[in-house]
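Note sheet for the following structure.
Values reported hereafter were calculated over all heavy atoms of this structure, with side chains retained and with hydrogens, waters and symmetry mates removed. Each ligand, and each atom within it, is numbered from 1 in the order the structure gives.
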Amino acid sequence: MLSNTLETQWTKTTCCYCGVGCGVLVETERCANVIRIKSVKGDPDHPANLGRLCIKGATLDLTAQPHIYEQSRAKYPELRDSRHMARRRIDWDTAYAHVAEKFADIISRHGPDSVGIYVSGQLLTEDYYVFNKLAKGLIGTNNIDTNSRLCMSSAVAGYKQTLGADAPPCNYEDIDHASTIFITGSNAAYAHPVLFRRIEAAKEKNPDLKLIVVDPRLTDTARTADLFLQILPGTDVALYHGMLHIMLWEGLTDPAYIDAHTEGFSALKELVKNYTPKAVAEICGIAETDLNQAARLFAQSSGTLSLYCQGLNQSASGTSKNTALINLHLATAQIGRAGAGPFSLTGQPNAMGGREVGGLANLLSAHRDLGNPEHRREVAEFWGVRDVPAKPGLTAVPMFEALRSGQLKAIWIVCTNPAQSLPDQTLVHEALNKAEFVVVQDAYANTATTAYADVLLPATTWGEKSGTVTNSERRISRVRPALAPWAECKNDWEIALGVARLLEAKLPAASSLAWRSLFNFADVQSVWEEHRESTRGRDLDITGLSYAILERDGPQYWPYPTGATQGKPRLYEDGIYPTATGRARFVSNPYRAPADPTDARYPFAMTTGRLRDQWHGMSRTGTVARLYSHAPQACIDLSPLDGRRLNIADQDLVYVTSRRGMQVMPVNFTDSVRPSQAFVAMHWGSEFLSGKPGKFVSQGINSLTSPAIDPDSQQPELKFAAVKITRADLPWHVIAFAWIDASAAVALQVELRALFPHTTFATATLFGRDDARHQTGVFLRLAHTEAFEPAFIQRIAQYFGLDTANGQQSIMTYQDKRRSVMRQVKAEHGRSNTQDTSDQQVWYLCAALLTGSAPDVSAAGWLREYLESFTDVRTFGRRLLTPGANPPQPVETRGKVVCNCFNVQESSISQFLVKSTAVGREALLQALQASLSCGTNCGSCLPEIKTMISQHVD
Ligand code: SF4
């Protein structure tokens with residue numbers, strides 16, 4: 001008999017977003033045998049976050065609601081019989097058999113290197129392990145790479161070239177011990193918010209702690225710095241060499257440490273001779289005095305901790321950037337002790353785990369190297385296979401180039417969205433079109449990549465998965481399921497196993513020497529235990545660790561060898577490095593300019609980065625309306641000086657053109673970028689931002705980025721593209737928005753994508769609060785060179801519930817057919833506020849559609865303010881339709897939401913500050929928090945609030 005009693009339960013797991021690796025407590029509630037996630041909170045016992053979550057982690061529960069999953073998740077395996085047919089539902093046995101059959105056939109015709117597997121830093125270690133064994137052990141190809149290639153491979157190469165192993169030497173507690181923190185190439189306030197809270201706390205506790213930030217942009221992280229070096233994009237190597245030059249000149253290096261523990265310093269000394277302060281200040285576009293100060297602070301501090309991320313890694317000279325920074329630590333002995341060392345911040349939650357199992361085209365299990373015959377022999381012996389192929393596999397960008405050229409015939413894409421995230425999207429889309437066979441294994445059904453799937457394999461995701469991840473500080477955490485798999489989804493490692501077991505029978509030449517299956521895994525723990533055994537005697541030896549210890553003692557550092565009672569929080573304290581000589585190596589690479597040069601045709605240096613509240617390609621965060629409220633739409637950040645020069649006004653649409661593609665988007669003027677530079681957020685793929693300007697098909701931001709790769713790490717230069725920016729005088733516009741039932745809003749956003757190829761510029765996003773009203777805002781904006789056909793407008797009206805054909809009384813329309821101008825609004829009767837208990841009913845605006853020229857659609861601004869504020873519009877009547885941009889009654893522009901936890905808008909904070917009688921920054925912050933609560937929960941908004949206070953005080 002079914003019980004209707006509510007039962008709640010808490011499950012400890014780990015956040016699925018960034019590499020901070022926060023512990024999450026998930027509250028589930030069971031009613032009538034249906035379990036749903038009720039809430040999440042930070043795990044106070046997890047050492048990475050001690051109870052904190054950022055806004056992304058704190059909204060994980062919203063992303064996992066059944067009504068969201070109904071609209072967004074892949075539910076059952078699907079197969080299409082030909083490229084021009086829609087996929088049909090199949091069962092798992094058919095899916096496994098079909099994938100195994102196709103792979104075996106292609107391998108038999110073209111050899112093992114004709115297939116590739118492209119996986120993800122968001123897989124768990126166990127998933128990674130099985131895929132790696134499948135590729136290298138069974139199929140016999142090293143063509144397995146991961147989106148971690150786009151993220152951390154330069155950091156890996158940097159560590160290996162200098163320190164001898166891919167092992168971050170530091171841990172999060174070093175933040176509390178440092179006296180100088182050097183943040184370079186990282187906007188940690190957005191990308192690693194919980195870690196940034198820890199930096200803020202350390203600074204509060206120790207006002208003498210110096211924060212140096214190096215970034216081309218004045219980010220929220222940079223605004224907190226004691227010293228900010230706003231270098232020109234891509235000039236990091238010159239900066240670090242310049243700092244070393246000054247250290248040498250002023251006797252600030254540590255000759256005793258250099259003599260005892262390093263090699264290669266003479267060559268580096270010779271190289272940096274030419275990096276004089278004057279020359280470097282000029283290359284980097286900074287003041288010489290700031291350069292001097294940075295060098296002195298770095299070298300003279302009792303503990304300098306460098307925190308760095310994609311600003312260094314995503315570059316065609318990313319490895320050199322990493323090694324040049326590590327050179328500074330070695331030269332000044334700022335390593336191997338509390339509060340000192342180079343500490344790469346991992347982008348994805350388990351990029352580290354993927355490296356540990358060797359799940360990349362140039363690595364083998366347990367940090368072994370593919371280029372090392374002894375390592376290949378060890379792995380082959382461990383797996384019980386004849387050999388592991390010696391030829392390096394295709395890394396991410398070359399893998400898609402090979403797919404386009406026909407060298408690679410089939411690809412199996414797992415838990416990632418390369419049709420959004422790789423650079424040069426034209427190449428990627430052409431490659432996926434050209435492929436003979438594409439398998440996409442994903443939790444989400446509607447990514448840009450799933451559109452290319454010949455077979456779609458539905459996978460479990462956060463909240464359903466079990467296994468382990470390793471965070472930035474080498475700490476292994478358990479990931480636990482709170483829910484059963486959605487629909488027919490299966491765990492990624494199980495899906496790999498399902499295909500692998502069939503493939504084993506079809507590829508006899510590759511089968512194991514012992515004629516037993518390579519894939520005798522009973523459960524996820526047995527996968528992990530095989531991985532654990534592979535680490536025996538390696539730098540990351542975890543043979544002393546077990547699932548039971550992780551359950552009992554919580555997350556643990558590696559190494560954790562047999563007999564240990566704890567892992568090792570800090571490496572190289574003895575000055576001995578895992579190199580042939582035991583010495584760390586200085587690397588002497590000169591500064592090289594970015595691969596995509598700016599010139600008269602492409603004069604802007606465009607950088608990319610993250611938004612505070614979105615994650616990667618937004619397949620998960622993009623389903624939650626409130627996560628758009630801090631940055632509601634894609635835009636390109638420009639200096640207002642450039643705006644004036646180019647005769648562009650704030651929010652004007654512009655053509656952004658690189659050597660590879662074009663994307664139209666609005667301009668946002670900001671003081672955070674320098675003239676002749678531009679910035680775009682990396683999240684906006686063709687699912688949210690697109691269009692077809694002229695001959696180009698825009699696929700979002702990565703239509704513009706460069707596929708140039710670093711020669712050592714093979715990491716692409718996603719951070720730098722030379723672009724030209726010109727005003728897009730598009731004469732025809734459409735803006736539509738509406739409250740849509742939450743059970744249909746995400747699906748509508750997906751449906752709207754069908755309109756994108758018919759216009760020059762297109763964007764569709766969500767807005768609102770996902771609250772008890774159960775309505776989500778959907779927003780569409782199009783602009784084009786030609787007038788839209790009436791049938792096209794009619795189709796949009798239908799999408800937004802504004803179809804007058806069915807005679808709805810609540811719709812009002814103004815139309816000037818001659819000018820193709822139309823405005824339609826629809827009102828509904830209901831409560832103005834879900835918190836209001838008075839039962840007072842109002843007529844609130846629930847949908848609007850505007851077409852015509854830019855001035856004709858400019859009323860969209862105040863109409864949306866009315867709609868979002870549930871203003872009673874009953875008395876406004878047809879004044880809502882009056883041509884022009886003036887509202888019937890003054891409307892307050894609320895601006896973006898700064899504090900997402902408490903829905904506090906920029907305007908509310910500004911108004912409070914104007915009225916407040918509190919004196920001083922700290923008193924103002926306290927008064928603000930007491931009054932509006934902003935910044936009192938997750939804290940992600942604190943840097944921005946502090947900036948607003950500073951601007952108010954100054
Ligand atoms: Fe998740 Fe935020 Fe923690 Fe990163 S900082 S792991 S996104 S909660």
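Each of the following atoms of ligand 1 lies closer than 4.0 Å to a heavy atom of Pro193: 5 (S). For ligand 1, the atoms sitting less than 4.0 Å from at least one non-hydrogen atom of Gly57 are 8 (S), numbered in the order shown with element in parentheses. Of all atoms in ligand 1, listed by their number and element, those nearer than 4.0 Å to a heavy atom of Gly21 are 6 (S). Annotation for ligand 1: atoms under 4.0 Å from non-hydrogen atoms of Tyr17 are 7 (S). For ligand 1 and Val194, the ligand atoms under 4.0 Å from any heavy atom of the residue are 3 (Fe), 5 (S).
Within a 6.0 Å sphere centred on CD of Gln9, heavy atoms belonging to other residues, nucleotides or ligands number 12 at most. In Glu29, the CD atom is crowded: over 12 heavy atoms of neighbouring residues, nucleotides or ligands sit closer than 6.0 Å.
Cation-pi contact between Arg620 and Tyr444: absent, since separation from the ring centre below 6.0 Å together with deviation from the ring axis within 45° is not met.
With Asn187 as the partner, the side-chain contact (heavy atoms from CB on, under 4.5 Å) test is satisfied by one option alone out of Arg610, Arg217, Gln310: Arg217.
For residue Cys54, no N/O/S atom approaches atom 1 (Fe) of ligand 1 to within less than 2.8 Å.
A donor-acceptor pair under 3.5 Å is formed between the side chain of Gln715 and the backbone N or O of Ser154.
The backbone and the side chain of Cys22 each have at least one atom closer than 4.0 Å to an atom of ligand 1 (non-hydrogen atoms only).
The nearest heavy-atom contact from the protein to atom 1 (Fe) of ligand 1 is Cys15 SG, 2.3 Å. What sits closest to atom 4 (Fe) of ligand 1 on the protein, heavy atoms only, is Cys18 SG, 2.3 Å.
In this structure, Tyr308 and Tyr159 have tilted ring planes: the angle between them lies in the 30° to 60° band. In this pair, Trp615 and Tyr17 present their aromatic rings tilted. The plane angle is within the 30 to 60° band.
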